[in-house]
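A quick write-up on the structure given underneath.
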There are 2 protein chains.
Amino acid sequence: MTVTIKDIAKKANVSYATVSRALNAKYGVRDETRDKIVAVAQAMGYTPNGIARGLVKKQTYSIGLVIPDITNPFFPAVARGVEDHAKQFGYSVFLCNTNYEKSREDHHISLLAEKRVDGIILAPILNEPQDDALGTESNVPVIYVTKRPASETQSFVVMDDERGGFLATKYLIEQGYKTIGYIGPSKTGHDAGERLAGCEAAFDKFGLTIQPRFFRAGDFKRETGYDTIIGMIEEGDYPRAIFAGNDLLAIGIIQGIKEKGLSVPDDIAVVGFDDIPFAAFPEVRLTTIRQPKYEMGKMAADMLIEKIEGRTQQPRRVILEPELIVRSSG
Amino acid sequence: MTVTIKDIAKKANVSYATVSRALNAKYGVRDETRDKIVAVAQAMGYTPNGIARGLVKKQTYSIGLVIPDITNPFFPAVARGVEDHAKQFGYSVFLCNTNYEKSREDHHISLLAEKRVDGIILAPILNEPQDDALGTESNVPVIYVTKRPASETQSFVVMDDERGGFLATKYLIEQGYKTIGYIGPSKTGHDAGERLAGCEAAFDKFGLTIQPRFFRAGDFKRETGYDTIIGMIEEGDYPRAIFAGNDLLAIGIIQGIKEKGLSVPDDIAVVGFDDIPFAAFPEVRLTTIRQPKYEMGKMAADMLIEKIEGRTQQPRRVILEPELIVRSSG
DNA sequence: GCATTTTTTGCAAACGTTTACTAATTATGA
DNA sequence: TCATAATTAGTAAACGTTTGCAAAAAATGC
């Protein structure tokens with residue numbers, strides 16, 4: 001049997017209320033008795049029962065981190081940021097992978113609610129309006145991360161995707177490339193739509209006109225990048241530079257280019273988006289837009305704890321700045 | 001105020017014991033009343049309080065996963081394996097990064113103990129005897145993963161590092177390489193010592209003699225691989241093939257080789273160890289020994305739950321098989 | 001040294017469940 | 001129809017804490 005506060009009380013000849021007070025270092029217990037109690041607790045190998053405490057204090061010091069997939073190289077840094085910061089404030093974090101399935105997301109969230117976590121950091125799969133039900137219906141504090149919630153009343157921390165797209169394109173333009181293409185998700189729904197928007201904004205600003213045949217909508221997969229560029233090259237009509245919707249696409253694109261006997265960036269320059277760890281390796285050296293992943297996680301944890309501890313009631317909307325990382329691919 | 005079982009009882013005109021029974025689908029409540037209760041609970045938006053339940057049932061349906069660093073590409077797959085399997089059995093998992101610091105490991109473990117997790121999966125930093133205190137002193141079930149515990153009485157799931165080292169070396173030998181080197185951690189303490197042992201065993205078995213100048217002890221860092229190979233090449237004395245203690249080292253080694261104008265595998269063949277996601281990319285195509293990371297996590301979760309639910313009392317010692325993945329570097 | 005204030009301690013309720021035990025109800029068999 | 005068995009529902013204790021309130025003890029002031 002694990003030792004409880006009552007066992008200690010008995011052995012120390014005090015009431016268990018006194019033990020509770022002594023152990024929690026509150027005022028109002030004589031030093032002498034506190035010392036004795038602490039000694040006894042120590043000797044008996046006491047570990048406070050957080051469950052019992054949670055029940056009365058209605059606080060568990062746990063939070064949930066709900067993300068699509070920790071195996072996606074984007075998320076470990078975010079998770080690390082969350083965990084590091086949470087731990088600093090005494091919170092533990094539940095890791096929940098949704099595997100990009102709405103049903104799993106829902107299930108995880110309701111499990112977390114049963115576990116009475118103090119709050120949730122959610123990197124949602126989609127950003128559909130109904131998703132925001134969570135934050136209002138249940139009353140668990142939620143911070144959205146990575147993607148903005150549809151509703152205006154929720155807090156979030158995201159990166160400025162549009163600015164990222166702008167930065168990437170601007171860089172390419174300033175490098176003197178005249179024909180620039182985009183491969184990646186299009187506006188509809190996905191956040192990468194904003195990356196595309198930023199790209200278009202740069203075209204606009206610098207007076208270039210978009211050549212639609214070099215703008216290819218698709219998904220986020222490496223294969224897509226590979227296939228798309230191979231197609232372009234085989235048709236004999238390709239741009240001098242390409243902005244890819246994310247690093248995985250960029251890597252696929254580079255692979256395709258090389259396989260066709262062309263060189264990067266001499267024949268085609270490529271800039272990616274995200275700066276996953278892979279991008280920095282000497283074999284890759286991808287020029288890309290860095291998302292502040294760790295900081296995003298840290299920030300989200302910070303905001304969540306702030307909300308939990310009631311220090312703020314207004315929703316906070318944080319938009320982090322992207323950073324252009326110039327390496328060798330563009 | 002969140003709705004409790006008592007609120008439901010009042011509205012449904014039954015005692016709250018009945019509500020509890022109805023909601024937990026136990027036998028012993030008339031269908032009619034159960035339906036009514038379920039309907040009321042539904043209508044009131046009831047979410048069971050896992051904390052209260054945990055207090056009486058002495059089970060929280062949470063487990064802890066304690067690893068060095070989720071940002072290390074080895075661990076996400078392990079974590080995913082743990083989480084997927086745990087979830088299947090209704091358990092949630094706390095993610096704890098120790099950052100390779102013993103003090104953080106200890107702290108996390110004692111926090112988990114306070115949270116009354118049902119068990120812990122631990123990828124320890126070191127494998128020193130005193131570490132095993134955990135499993136015995138506290139009575140939380142523990143499964144060691146990645147590294148074996150020093151004590152004989154603990155359960156673990158690891159990979160057969162020695163066999164991995166053997167496989168890698170054997171492959172190199174069979175490819176016809178006569179001078180083979182090793183760069184990586186040495187025997188002292190680290191599990192990679194076993195990799196080296198397997199390497200030596202292969203030398204033995206195939207009648208080759210070890211040339212100590214090609215066996216370089218060090219750590220697990222990419223820079224070490226890079227520096228070491230550069231040194232060898234500059235001295236003008238290097239082996240035809242190298243077995244690296246892990247993939248990061250291997251990547252550093254390859255980079256060094258290429259930078260010195262030599263080619264892989266034509267001048268020097270390299271095989272790594274781990275098969276981190278990076279190794280499979282077309283830019284890298286590293287020949288390596290795959291650790292069954294996902295399976296390790298899954299297996300650990302399986303064993304832990306088995307232990308929690310008391311289906312087994314004997315410690316289980318699982319040693320997974322490595323697999324040689326032949327790509328282009330060796 | 002005694003009344004008064006302040007500090008320390010104890011008692012008991014509360015947190016939201018589950019569950020043994022008992023009471024009430026319904027079903028069964030003759 | 002009635003005794004008995006089987007089923008359903010209710011009472012109350014328990015899980016291990018925290019905390020308001022009251023009682024006891026110690027400290028203070030005169």
Side-chain angles (χ1 to χ4, degrees), chain A residues 1-38 40-41 44-62 90 111 113-118 138-140, chain B residues 1-38 40-41 44-62 90 111 113-118 138-140:
Chain A
M1 248 342 17
T2 42
V3 11
T4 80
I5 228 177
K6 295 195 183 181
D7 302 326
I8 298 172
K10 202 172 296 170
K11 191 154 272 178
N13 267 319
V14 291
S15 77
Y16 58 90
T18 304
V19 175
S20 173
R21 276 186 285 251
L23 261 23
N24 291 294
K26 289 245 191 70
Y27 65 96
V29 28
R30 201 151 39 121
D31 289 356
E32 191 188 348
T33 39
R34 183 201 314 287
D35 291 350
K36 184 170 70 180
I37 289 169
V38 170
V40 171
M44 298 180 79
Y46 172 70
T47 311
N49 186 325
I51 295 298
R53 171 182 296 152
L55 185 57
V56 10
K57 304 199 49 159
K58 291 166 173 305
Q59 214 197 341
T60 54
Y61 283 96
S62 333
L111 270 183
E114 288 197 13
K115 295 244 157 77
R116 292 298 193 263
V117 293
D118 297 333
S138 138
N139 40 15
V140 202
Chain B
M1 251 331 32
T2 42
V3 11
T4 81
I5 228 178
K6 295 196 182 180
D7 302 327
I8 298 172
K10 202 172 294 170
K11 191 153 272 175
N13 267 319
V14 290
S15 77
Y16 57 91
T18 305
V19 175
S20 174
R21 277 186 286 253
L23 260 24
N24 290 294
K26 290 244 191 72
Y27 67 96
V29 28
R30 202 149 39 117
D31 289 357
E32 190 188 348
T33 39
R34 183 201 315 288
D35 292 350
K36 183 171 71 181
I37 289 170
V38 171
V40 172
M44 298 179 81
Y46 172 70
T47 311
N49 185 325
I51 295 298
R53 171 182 295 151
L55 186 57
V56 10
K57 306 204 41 162
K58 292 166 173 304
Q59 213 197 341
T60 54
Y61 283 95
S62 335
L111 271 182
E114 288 198 13
K115 296 244 156 78
R116 292 298 192 262
V117 293
D118 296 334
S138 137
N139 39 15
V140 202

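In what follows, chains are A, B, ... by sequence order, proteins preceding strands, each numbered from 1.
Protein atom OH of B/Tyr61 is 15 Å distant from nucleotide atom C1' of C/dT17, rounded to whole Å. Taking atom CG of A/Asp31 as the reference point, atom P of D/dA27 lies 12 Å away to the nearest angstrom. In this structure, the CG atom of A/Asn24 is 8 Å from the P atom of D/dT19, given to the nearest Å. If you measure from atom CD of B/Gln59 to atom P of C/dT17, you get 17 Å, rounded to the nearest angstrom.
Contact annotation: B/Ser20 side-chain N/O to C/dT18 OP1/OP2 distance is under 4.0 Å.
Under the side chain to side chain contact (heavy atoms under 4.5 Å, CB included) criterion, A/Ala41 pairs with A/Ile8, A/Leu23, A/Tyr46, not counting sequence neighbours. With sequence neighbours left out, the side chain to side chain donor-acceptor pair (under 3.5 Å) criterion links A/Thr60 to A/Asp118. In this structure, the side chain to side chain donor-acceptor pair (under 3.5 Å) partners of B/Lys115, at least two apart in sequence or on a different chain, are A/Ser92. In terms of the side chain to side chain donor-acceptor pair (under 3.5 Å) criterion, residue partners of B/Thr18 (sequence neighbours excluded) are, by chain and number, B/Ser15. For A/Lys58, there are no side chain to side chain contact (heavy atoms under 4.5 Å, CB included) partners two or more places apart in sequence or in a different chain. Partners of B/Val56 under the side chain to side chain contact (heavy atoms under 4.5 Å, CB included) rule, at least two apart in sequence or in another chain, do not exist in this structure. Residues satisfying the side chain to side chain contact (heavy atoms under 4.5 Å, CB included) test with B/Thr2, not counting sequence neighbours, are A/Asn139.
In the helix from C/dG1-D/dC30 to C/dA30-D/dT1, the terminal helix axes, each the rotation mapping four pairs' C1' atoms onto the next four within five end pairs, subtend 30°, rounded to 10°.
In this structure, the side chain of B/Arg116 engages the main chain of A/Pro48 through a donor-acceptor pair within 3.5 Å.
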Q) Can you give one letter per nucleotide of nucleotides 9-16 of chain D, going 5' to 3': B for a protein heavy atom under 4.0 Å from the base, S for sugar-phosphate only, - for none? A) SBBBB-BB

